[in-house]
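Below: the structure, in structure tokens.
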Amino acid sequence: MRFLSLSFLLSLMFALGIVATSVSAETLNTNLTIGSKGADVALLQRFLVSKGFLEMPAGVSHGYFGPLTRAAVARWQGANGISPAVGYF
């Protein structure tokens, strides 16, 4: 299977409603929203941090989808022409 960049993958997921696909040897396989926890959330957060959409406060660990992550996803969605930019998928 051909691997896709995370940004392209997230765009495709939002556009098509796909919730499971391969990402650089990582797999996102759940819907993510406020209250979600785990490795998929941490992967999403690392992506958002690397692209400048999320800044994790000192001492806060990755892996919980809270208000900061939702706001960062909404910013990413808006910056990538995804409407409505609601902050979850």
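No experiment lies behind these values; they were computed from the predicted model shown. Keep in mind that the numbers below use all heavy atoms, side chains included, and drop hydrogens, waters and symmetry copies.
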Check: [Y] main-chain N/O paired with [X] side-chain donor or acceptor under 3.5 Å:
X     : Y     : answer
Gln45 : Phe65 : no
Arg70 : Val86 : yes
Gln77 : Gly87 : yes

If you round to the nearest 0.5 Å, how far is CE of Met56 from CZ of Arg46? 10.5 Å

Rounded to the nearest 0.5 Å, the CG atom of Leu48 sits from the CG atom of Leu68 at a distance of 11.0 Å

Run the side-chain contact (heavy atoms from CB on, under 4.5 Å) check on Phe53 and Phe47 step by step: do they pass? CA-CA 9 Å; Phe53 292 100; Phe47 169 77; 5.8 Å; no

Option from Leu54, Thr69, Val41, Val49 for which side chain to side chain contact (heavy atoms under 4.5 Å, CB included) with His62 holds: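 Of Leu54, Thr69, Val41, Val49, side chain to side chain contact (heavy atoms under 4.5 Å, CB included) with His62 is met by Val49 alone.
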
Write down the atom of Ala85, the atom of Gly78, and the distance for their closest heavy-atom approach. CB-N, 3.8 Å

